[in-house]
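Working notes for the structure below.
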Amino acid sequence: MGKTILADESIQSYITELLNKGQWQLGLIIGHFAQQKDFAVRLICSPEPVEDEASEEDEEPKEKKIKTPQKPENMADSDERWIATHARQVNRMLPGGLDVLGIFALSPPNMMQSAQTKLRQILYLIHKSLSKGQTLANSTTERHLLQICSTTRKITCRSIDVADQKSAFKPADWKPQSGSEKWIKLKTDINVDLKINVPVKQQNQNMLKQIQQGLVPYCDSICKGIIAINGEVRDVTEVLDQSASESKRSKGRDKGQTSQLIHNIDFYTQPISKEKNEPEVYDSVCKLVIQGVTHGRAFVHSKSLVSEAKQAITTDIIRSIHARCELLCEDIEVVEEEGIKKELYDTPVRVFGKLHGSNLDFCDYKFQDEKLEEVTDRIKELLDITIDPDDLELDCEQVPCEEDWSKDKSLDTVDDSSSGDSKKSRFNMLTAVGGGIAVVAAGLSYMLFGDSQT
């Protein structure tokens, strides 16, 4: 038997609900990758395809795209690009430590057998989709396939290495838990202050690709940084929760411990510096400035090492920054006419909600002009979670106020050490087009250059 996947007890109830519907189902497994055992915390059915909805993985012209307006009769006819797009959207809504572990399929045995090639394609395309544009490699390339027979109700699980095109499925042990896992919560607030020069050779790329490539040095510095847990720098090989060993000696105290363990994380990174002492000349077409504060949140299992905690919170920071940039660029493409850009853009702020029956969170990103009902509708569609707007956690990040925009600063006067009042606007992006437009203390400025800059 291969790797063991510990399944939250709520998953079995969800599977029973799906079986009672009497239809085949295809969706995602959400959970936590660990060194010894993986943890499955939720299954999410992929929504039915929508007319005129463009897949992020399809780079063909829109007029050549063919979208299925409804669920196909056979699982083998599923659109793998649609499932991969859903996986990418869900991945944005997961805090650090939670990932798309793989997919589940529920159907009669004959349909399941005929869909084996399709299921394999979906797993590989999900891996490609989640890796696209990201600068942080996953520590594992193993994905799981959970198969549920609607006739016998038998559950089987297999795993495959999606980094190897010739890899074969191997058995995995799907093991339901009698109770929910005790998760450790990690929190941090990160100051972001970046200056990115976009070279001429990238001038034909869209804004998102320019940003993604410019973020590589910053993400690398985060990955190589040192974390302090509650103000203490600890050895990465230590067990994160030191009280776990003590609780074995005091079972009575362990039984009375019901509150969630929360650690505050601080990051220490070296400045992104140049090796050369002399000024470096850039043949640039634009300059990007990203400033602000982003809230990071991650979850790890109770027996995690310090190294696993660092991996989880680092993944969250990088994933969150990339998600905001992706969402804003998508919004700009949809809302604005070609060639017309505003002087100022705000990225969406991060909001959180609780996964029912656990102390885990999920997140989403809300634009200023969005209503809370739009956020809850999106959560329902993508995560299959019904949540009341009043139950959303909205105060971990703030939108910028008028004072943030009125700072008398320009791109040429903002230095690398200035943070201004960026804490007021937790993480925002703005775009300035033209050589003399002033920028604010928090956001992303997009400035076009006519000549080479230093």
Side-chain angles (χ1 to χ4, degrees), residues 1-9 29-42 94-99 101 136-142 144 159 172-190 222-269 295-320 354-355 357-362:
M1 188 63 68
K3 195 167 190 179
T4 297
I5 301 96
L6 299 178
D8 191 271
E9 61 180 355
I29 308 171
I30 305 304
H32 175 78
F33 287 115
Q35 294 181 358
Q36 302 298 327
K37 300 177 181 179
D38 292 341
F39 299 82
V41 299
R42 189 173 183 83
L94 300 178
L98 296 184
D99 291 279
L101 301 188
L136 181 66
N138 290 326
S139 57
T140 179
T141 57
E142 190 175 46
H144 307 303
S159 302
D173 185 14
W174 181 268
K175 187 176 181 180
Q177 292 194 92
S178 58
S180 297
E181 178 69 19
K182 292 182 179 180
W183 297 97
I184 301 174
K185 186 176 183 178
L186 311 172
K187 298 196 304 180
T188 189
D189 289 291
I190 296 290
I222 289 290
C223 293
K224 294 179 179 178
I226 298 173
I227 65 168
I229 302 172
N230 299 324
E232 179 185 0
V233 178
R234 295 170 51 184
D235 192 290
V236 294
T237 61
E238 291 181 3
V239 176
L240 178 64
D241 182 12
Q242 294 292 335
S243 65
S245 57
E246 297 177 2
S247 65
K248 292 181 181 179
R249 306 187 191 99
S250 179
K251 294 183 179 179
R253 184 181 66 178
D254 184 61
K255 290 181 180 178
Q257 185 179 358
T258 58
S259 59
Q260 184 179 25
L261 187 61
I262 301 176
H263 291 310
N264 293 312
I265 307 297
D266 294 313
F267 269 85
Y268 298 93
T269 61
H295 177 74
R297 187 173 297 187
F299 295 86
V300 292
H301 64 92
S302 58
K303 297 181 181 179
S304 295
L305 303 179
V306 171
S307 58
E308 294 176 280
K310 179 186 176 183
Q311 173 74 13
I313 195 66
T314 299
T315 297
D316 184 75
I317 295 167
I318 296 175
R319 179 189 291 169
S320 178
K354 285 289 183 185
L355 279 176
S358 75
N359 51 17
L360 292 169
D361 298 340
F362 63 87

Under the side-chain contact (heavy atoms from CB on, under 4.5 Å) criterion, do Arg319 and Leu94 qualify, and how do the steps go? CA-CA 9 Å; Arg319 179 189 291 169; Leu94 300 178; 3.6 Å; yes
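- Looking only at distances, a side-chain donor or acceptor of Glu308 sits under 3.5 Å from a matching main-chain atom of Leu305.
- Within the model, atoms OG of Ser302 and NZ of Lys182 stand 7.5 Å from one another, a figure rounded to the nearest 0.5 Å.
- A donor-acceptor distance shorter than 3.5 angstrom exists from the side chain of Lys310 to the backbone of Cys223, with no hydrogens or angles considered.
- With a 6.0 Å radius and a threshold of 12 heavy atoms from other residues, nucleotides or ligands, Ile262 has its CD1 atom above the threshold.
- In this structure, the separation between CD1 on Ile29 and CH2 on Trp174 is 5.0 Å, given to the nearest 0.5 Å.
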Set out, in order, the CA-CA distance, both residues' side-chain angles and the distance that settles side-chain contact (heavy atoms from CB on, under 4.5 Å) for Ile30 and Leu101, then state yes or no. CA-CA 6 Å; Ile30 305 304; Leu101 301 188; over 6 Å; no
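- Residues Thr237 and Val306 are not in side-chain contact: their nearest non-hydrogen atoms beyond the backbone lie 4.5 Å or more apart.
- Sorted by first then second residue, the salt bridge (Lys or Arg N to Asp or Glu O under 4.0 Å) pairs that include residues 32-42, not counting sequence neighbours, are Lys3-Asp38.
- Within the model, atoms NZ of Lys175 and OG1 of Thr4 stand 7.0 Å from one another, a figure rounded to the nearest 0.5 Å.
- The two residues Ser159 and Ala172 have their closest heavy-atom pair at OG-CB, 3.4 Å.
- Summarising the geometry of Leu240 relative to Ala309, their closest heavy-atom pair is CD2-CB, 3.9 Å, with the distance given to 0.1 Å.
- With hydrogens and angles ignored, the 3.5 Å screen pairs no side-chain donor or acceptor of Arg297 with any backbone N or O of Asp316.
- Of the possible polar contacts, none joining the Glu181 side chain to the Asp8 backbone as a donor-acceptor pair under 3.5 Å is found.
- Listed here is the closest heavy atom pair of Ser304 and Val300: OG-CB, 3.3 Å.
- The line from CZ of Phe299 to CG of Leu186 is 8.5 Å long, rounded to the nearest 0.5 Å.
- Residues forming a ring-ring contact (aromatic ring centres under 6.0 Å, His included) with His301 (at least two apart in sequence, or on another chain): His32, Phe39.
- Interatomic distance, CD1 of Ile265 versus CG of Asp189, reported as 12.0 Å (0.5 Å rounding).
- Nearest approach of Ala228 to Val233, heavy atoms of both residues: CB-CG2, 4.1 Å.
- Here OH of Tyr268 is found 9.5 Å from CD1 of Ile226. Values are rounded to the nearest 0.5 Å.
- In terms of heavy-atom proximity, Ile5 sits nearest to Ala40 at CG2-CB, 3.8 Å.
- Side-chain atoms of Asn230 come within 3.5 Å of backbone N or O of Asn264 as a donor-acceptor pair.
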Quick one: do Ile313 and Phe267 satisfy side-chain contact (heavy atoms from CB on, under 4.5 Å)? Show the steps, please. CA-CA 10 Å; Ile313 195 66; Phe267 269 85; 3.6 Å; yes
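- Considering all non-hydrogen atoms of both residues, Val239 and Gln242 come closest at O-NE2, 2.9 Å.
- Within 6.0 Å of the NZ atom in Lys187, the count of heavy atoms belonging to other residues, nucleotides or ligands does not exceed 12.
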